[in-house]
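Working notes, structure below.
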Amino acid sequence: MSHDADKEFDGIRQADNKLPLWYTVSFIGTLIIGLVYLLYYHVFTDWSQASQYAEQVAHHEEQFPGGSPVESGVVGNPFRGDAAAIQAGQETFVAVCGACHKADGTGLVGPNLTDDQWLHGNSEQEVYTVIMEGLLQPDQWLQQPAKGPMPAHKASLGSTRVWQVIAYLEDHNQNIEVPASTE
Ligand code: HEC
């Protein structure tokens, strides 16, 4: 052990030992990690908060073409009260939902959608979620006796046609709660 006699103070002597191996290795390790991080994120890829945000916006626009309902001043269903959309929604309902909910929506295997009884919530958003995501697990089936699953329609119909179906349902059922307007 070498020691510098000049660096003694109050009886405390400073030694000049070699750094322990683990210390040197982790020090050099942080330099390497820093260099790799710098090159990867700032030189060779365009990873950034801004590009991630742009990606999410593009994804959203793909899902909801025609701009967000909030931007257009309508809250919730952009087709509520739109005669052409109600007509299109009715056609979809008869073709796709009629087998289980009856063509007029009064219910067969699936529950009546024209009354004021709602198993899974009567807000527009809850109805939307049920139709898009379906009720596929037995613990979601609330009809007694349980009559099986309600299929998801996210893939087969997509957001636009599901909102049209809801516009049709809303036209026939005043018990669907619509969100308060922001205007
Ligand atoms: C294969 C039969 C089937 C088809 C097709 C079907 N549903 Fe259903 N639906 C059901 C069943 C069964 C339930 C009730 C599940 C439970 O809670 O027990 C249900 C529940 C619902 C509910 C919730 C009702 C409530 O009281 O909360 C809505 C809304 C609904 N369906 C709308 C639709 C719409 C709109 C379509 C067409 C796009 C559709 N369903 C197609 C069988 C079906």
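Residue numbers start at 1 and run along the sequence shown. Note that ligands are numbered from 1 as they come in the structure, with each ligand's atoms numbered from 1 the same way.
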Are any non-hydrogen side-chain atoms of [X] and [Y] less than 4.5 angstrom apart?
X	Y	result
H153	M132	no
S159	Y128	yes
V130	L135	yes
V162	V165	no
N77	V178	no
L119	P111	yes
M150	Q143	no

So, 4.0 Å and heavy atoms of [X]: is ligand 1 close enough to count as a contact?
X	answer
P149	yes
A146	no
E126	no
N122	no

Under 4.0 Å from a heavy atom of [X]: give me the atoms of ligand 1 that qualify, with their elements.
X	value
V96	5 (C)
W141	16 (C), 17 (O), 18 (O)
L157	38 (C)
C100	1 (C), 2 (C), 3 (C), 4 (C), 5 (C), 42 (C), 43 (C)
Q140	17 (O)
P151	1 (C), 3 (C), 4 (C), 5 (C), 6 (C), 7 (N), 43 (C)
V130	22 (C), 23 (C), 28 (C)
H120	16 (C), 17 (O), 25 (C), 27 (O)

[atom] - nearest protein heavy atom and its distance:
atom	result
atom 10 (C) of ligand 1	M150 CB, 3.5 Å
atom 36 (C) of ligand 1	C97 SG, 2.7 Å
atom 25 (C) of ligand 1	L119 N, 3.3 Å
atom 16 (C) of ligand 1	L142 N, 3.3 Å

Original post:
Does the pair N122 and V127 meet the rule for a side-chain contact (heavy atoms from CB on, under 4.5 Å), with working shown?
Top reply: CA-CA 6 Å; N122 71 324; V127 172; 5.7 Å; no

Original post:
Heavy-atom distance to atom 20 (C) of ligand 1: which of P111, G110, G89, G148 wins?
Top reply: P111

For [X], which part has a heavy atom under 4.0 Å from ligand 1: side chain, backbone, both, or neither?
X	result
I166	neither
H153	side chain
L135	side chain

**OP:** Answer with yes or no after comparing the ring centroid distance for F79 and W163 against a 6.0 Å cut-off, counting only values under it.
**Re:** no

Original post:
Would a line drawn from the ring center of Y37 to the ring center of Y41 be shorter than 6.0 Å?
Top reply: yes

Original post:
Does an N or O from V165, backbone or side chain, lie closer than 3.5 Å to an N or O of ligand 1?
Top reply: no

**OP:** Kindly confirm or rule out an N or O of Q143 lying under 3.5 angstrom from an N or O of ligand 1.
**Re:** yes

**OP:** For the pair T92 and Y168, evaluate side-chain contact (heavy atoms from CB on, under 4.5 Å) and give the outcome as yes or no after the intermediate values.
**Re:** CA-CA 10 Å; T92 305; Y168 161 69; over 6 Å; no

Subject >> Residues E126 and T129: side-chain donor-acceptor under 3.5 angstrom >> reply: no

Original post:
Using a distance-only test with no angle check, is there a side-chain donor-acceptor pair under 3.5 angstrom linking Q52 and Q56?
Top reply: no

Subject >> Atom of H101 closest to atom 8 (Fe) of ligand 1, considering N, O or S atoms >> reply: NE2

Subject >> Non-hydrogen atoms of G76 and E124 that approach each other most closely >> reply: CA-OE1, 3.3 Å

